[in-house]
Protein chains: 2
Amino acid sequence: MSFIKTPAVTLESINPKVRKCEYAVRGEIINHAHRLQRELETEPGSHPFDEIVYCNLGNPQALGQQPITFFREVLALCEHPALLDRDDNLALFSSDAIARACEILDLLPGRETGAYSHSQGAKGLREAIAAGIASRDGFPSNADDIFLTDGASPAVQTMIQLLIRTEKDGILCPIPQYPLYSASVTLHGGSLVPYYLNESTGWGLEILHLKNQLEGASSQGVAVRALVVINPGNPTGQVLSEENQKEIVEFCRKDGLVLLADEVYQENVYAGDKKFNSFKRIARSMGYERDELSLVSFHSVSKGYYGEGGKRGGYMELCGFSTDVKDQIYKVASVNLCSNILGQILSSLIMNPPKVGDESYESFAAEKERILSSLARRAKALEDAFNKLEGVTCNKVEGAMYLFPRLQLPNRAIKAAKIANAAPDAFYTHRLLDATGIVVVPGSGFGQVPGTWHIRCTILPEEDKIPALVSRLRAFHSSFMEEFRD
Amino acid sequence: MSFIKTPAVTLESINPKVRKCEYAVRGEIINHAHRLQRELETEPGSHPFDEIVYCNLGNPQALGQQPITFFREVLALCEHPALLDRDDNLALFSSDAIARACEILDLLPGRETGAYSHSQGAKGLREAIAAGIASRDGFPSNADDIFLTDGASPAVQTMIQLLIRTEKDGILCPIPQYPLYSASVTLHGGSLVPYYLNESTGWGLEILHLKNQLEGASSQGVAVRALVVINPGNPTGQVLSEENQKEIVEFCRKDGLVLLADEVYQENVYAGDKKFNSFKRIARSMGYERDELSLVSFHSVSKGYYGEGGKRGGYMELCGFSTDVKDQIYKVASVNLCSNILGQILSSLIMNPPKVGDESYESFAAEKERILSSLARRAKALEDAFNKLEGVTCNKVEGAMYLFPRLQLPNRAIKAAKIANAAPDAFYTHRLLDATGIVVVPGSGFGQVPGTWHIRCTILPEEDKIPALVSRLRAFHSSFMEEFRD
């Protein structure tokens, strides 16, 4: 009775857009790292290292970063409100965490984290986020413009899905870019129109080049609908100057492009002479009101000093979108009912952390400072280390969580890569992993000027592990360069 | 300098698939309910009722259902592990919740709910879920086949996205159906191939009719790729018989269709003579091994006796998919990094609740029984109430959370609806809402045999509010029928 049939689904019979989509941050190199990790577990000593150091993904808590106590107190209380009823709860939780949890529960349907909220997110939490945005920018923000999402990634996908009709719709994306953008454009069948960040000017964004790329796309029949800007940059780590941001706003406004502003690293600025400015603040300070620029700002609980990626919390603020278009976004959001409530709560907390005078304030501020100053030191240490390697140059990490050093590889290494059927940077990252257990992502996963090679390495390994990591990296790199010296 | 331009995005310039998509459960009737609620708040007494009763959405905790204590204890401990280190924690939490939280933290990267997990979900949690499935079905389950997701809805969308290439790919969907399916098929540009459930046989699913619909689609050049079955049914509440499930398995196997089994109501069975059987158990008990049927089972933490929709937890188990196809699903999942960790944890808990002998077992079992028996009584009370209304017939609610009564409306009501530019059932639900504050969804949002009219009403209002709700419904219905009597 049973017989082998053609399976209902084969690689050849799935949606080709799915097949074509790429996402390098969790690509082949990571699968290889997982294999090595299993081998280390089943056969200790089978490799020249004791552990895999995952520098591929901005995942701070996986590498030992501690969560912010106040945030976790509030979340635990919201999750199990019975704790609020205990007489001894002040021995367990700070008074402001208790007060905040009570306020938040009042904003939730049924006073429960287990109920679906409004599909844009619970109204009261959106109001709290709007207040936080207004206080950050000095310009008003409206809860109706905010959509809470399961992290920034689904928010970006929602906007790309909204904007792309056919392959004749294009999205201007930076190169190098975080591959969420290329993956989303591919999945929704649009055209990625690249613009190159200028490595020699610290990954500068040049408006003239943007215009050229836009015109080039137009001449090929591609209508560019939006410009993606990642600030602070991923994987490139630059923080845009106010002047540059103004030019970008002007460019989008004049050409009727939606400005998709990935601002998830807004709290990760390490360069003393740089400051994060939201694009909304820039646009409003130029006198542009909501009808004059269509702008989406994406934010997330995953980065900053909180690093709560596993919570999948985030939001997008839409400025300059008509009600009927926002209704369409609401409709699409409602198909998934709502984003997770704990993530919604945490989004409201990061935009409204403890204030001077609150019981938690001092310990909160100390935890925050400890994390951010350590990240800055780690960024500097790794940047210096990369710059000391033969043939490697690394721009300053002004912000975000990544280094993106450029590798000048010997011709013999490039030939060896070709024989191994790999891009030269992928060849390098595999050799690095096999020799040291360090996982970084080849630059080809982010895009780069053809003929240049890079790697992306996070700044997230624990601070006391950095010196050993640098030694291993240095030893590997020397021997790699020796092996392939022309 | 500033001038009014065409906005970058207009309703006309967005993706037409987004525009075309519909999702009635949070559609126009709900917006109207929200307006009335605001009016009640700003002007009490402005309507002939004191509160809006939301019977539109399966959202138990929004209507007063209490969460299961054990689950919340574990989640709170995982969220704030500092509580585990306190000497007095046994005064605050049950010993098995403490033990379970410790076990779970060991399964998470960095022992933190704030770290991203593997994009399929943390391996250890998937193993726990696989063990729960195996124990439910009596057949093995493999963690590699399980994908944890932010609720069942994104899982369904992922599968629809995978299967649909062009509008020539079809998905067989029940009518009436939960509109997630029609919305997903529309968003991904495929064809919904309907099959009608037979109301006169208790929403029976007839294989001959399925075959006819499949052949009809084929003859129009539509390749049907999958069959959606919702069991227990939403909005229709039937629980499939084992015999019927066997026929469905045979049909999918022979025609090479993927069986997309929406099994989110598997714990919501009220009919004493009915029992939930997973399609996997049915297929395995027929002797079909994994290569012989491609089957996806969707489950969620949102329904059952737990009703934790706001947690956005769920999973899909893929059986009979090749590794290379699962790799593609993994890749798409990785673009969003992972589903939220609290939802992942809760998914592992619902599949492995306390067992006899655990400290929490007795109270857990009592809480569960209280909720499920109350749901059964509410279903019966509302079913009886609908059946007593003039011109209304309502099939037995064997499972799930909804009634889907049929309305025989007077011709004059149908004409009045036409004048109001509304479908007759939408006209009825608007009148019901305006008169009573009760929100139900018109059947047209789920699909129905042309010329028949239904409403979907959840069984979720609190039990002590049911009698008053029934009185208001009865009074409204009588006056409606009087007003429009032919």
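Throughout, a chain's letter reflects where its sequence line sits, starting with A, and its residues are numbered from 1.
There is no contact between B:Tyr181 and chain A, counting heavy-atom distances below 4.5 Å. Heavy-atom distances place both the backbone and the side chain of A:Thr113 under 4.5 Å from chain B. Neither the backbone nor the side chain of B:Ile30 comes within contact range of chain A, judged by heavy atoms closer than 4.5 Å. Using a 4.5 Å cut-off between heavy atoms, B:Ser119 contacts chain A through both its backbone and its side chain. Using a 4.5 Å cut-off between heavy atoms, B:Tyr54 makes no contact with chain A at all. No part of A:Tyr306 comes within reach of chain B, as not one of its non-hydrogen atoms sits under 4.5 angstrom from that chain. Contacts of A:Ser294 with chain B are made by side-chain atoms alone, with heavy-atom separations under 4.5 Å and no backbone atom involved. Interface remark: A:Ile14 contributes backbone and side-chain atoms alike to the contact with chain B (heavy atom separation under 4.5 Å). For A:Gln66, the part lying under 4.5 angstrom from a heavy atom of chain B is the side chain only. Within the 4.5 angstrom heavy-atom criterion, no atom of B:Gln344 approaches chain A. Both the backbone and the side chain of A:Ser13 come within contact range of chain B, judged by heavy atoms closer than 4.5 Å.
A 4.5 Å side-chain heavy-atom check between A:Ser302 and B:Tyr116 finds at least one atom pair inside the cut-off.
In terms of modelled atom types and a separation under 3.5 Å, the side chain of A:Asn340 and the main chain of B:Lys311 share no donor-acceptor contact. Put simply, the side chain of B:Asn15 never gets that close to the backbone of A:Arg165: no donor and acceptor are under 3.5 Å apart.
Between chain B and the residues A:Leu342, A:Asn59, A:Ile341, the most heavy-atom pairs under 4.5 angstrom are made by A:Asn59. In terms of heavy-atom pairs under 4.5 Å with chain A, the best-connected choice from B:Ala62, B:Gly58, B:Gly64, B:Ser322 is B:Ala62. Ranking B:Leu180, B:Leu293, B:Asp150 against chain A, the residue ahead of the rest is B:Asp150, based on heavy-atom pairs under 4.5 Å. Listed options B:Val301, B:Asp169, B:Ile164 were ranked by heavy-atom pairs under 4.5 angstrom with chain A; first place goes to B:Ile164. Most heavy-atom pairs under 4.5 Å with chain B, from the set A:Phe321, A:Phe71, A:Tyr23, A:Phe93: that is A:Tyr23. Heavy-atom pairs under 4.5 Å with chain A peak, among B:Ser117, B:Ser184, B:Gly320, B:Gly313, at B:Ser117. When A:Ala183, A:Pro60, A:Pro154 are compared by the number of non-hydrogen pairs under 4.5 Å with chain B, A:Pro154 comes out ahead. Ranked by heavy-atom pairs under 4.5 Å with chain A, the first of B:Thr69, B:Asp88, B:Thr166, B:Leu187 is B:Leu187.
Under the salt bridge (charged side-chain N to carboxylate O under 4.0 Å, His left out) criterion, B:Glu28 pairs with B:Arg35, not counting sequence neighbours.
Among pairs with a residue in residues 108-118 of chain A, those fulfilling salt bridge (Lys or Arg N to Asp or Glu O under 4.0 Å) read A:Asp106-A:Arg111, A:Glu112-B:Arg72, at least two apart in sequence or across chains.
Residue-environment remark: CD (A:Glu22) stays at or below the threshold of 12 foreign heavy atoms within 6.0 Å.
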Atom pairs and distances, side-chain donor-acceptor, residues 329-338 of chain A, under 3.5 Å, sequence neighbours left out:
from	atom 1	to	atom 2	distance (Å)
A:Lys331	NZ	A:Gln328	OE1	3.0
A:Lys331	NZ	B:Val18	O	2.9
A:Lys331	NZ	B:Arg19	O	2.9
A:Lys331	NZ	B:Cys21	O	2.7
A:Ser334	OG	A:Lys331	O	2.7
A:Asn336	OD1	B:Gln157	NE2	3.1

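Rounding to the nearest 0.5 Å gives a distance of 12.5 Å between NZ of B:Lys17 and CG of A:Leu162.
Using a 4.5 Å heavy-atom cut-off against chain B, the contacting residues of residues 74-83 of chain A are A:Leu75, A:Ala76, A:Cys78, A:Glu79, A:His80, A:Pro81, A:Leu83.
Among A:Asp324, A:Asp327, A:Thr323, the one residue that satisfies the side chain to side chain contact (heavy atoms under 4.5 Å, CB included) test with B:Leu11 is A:Asp324.
A:Val9 and B:Arg225 make their closest contact through CA-NH2, 4.4 Å (heavy atoms, listed as atom of the first residue, atom of the second, distance).
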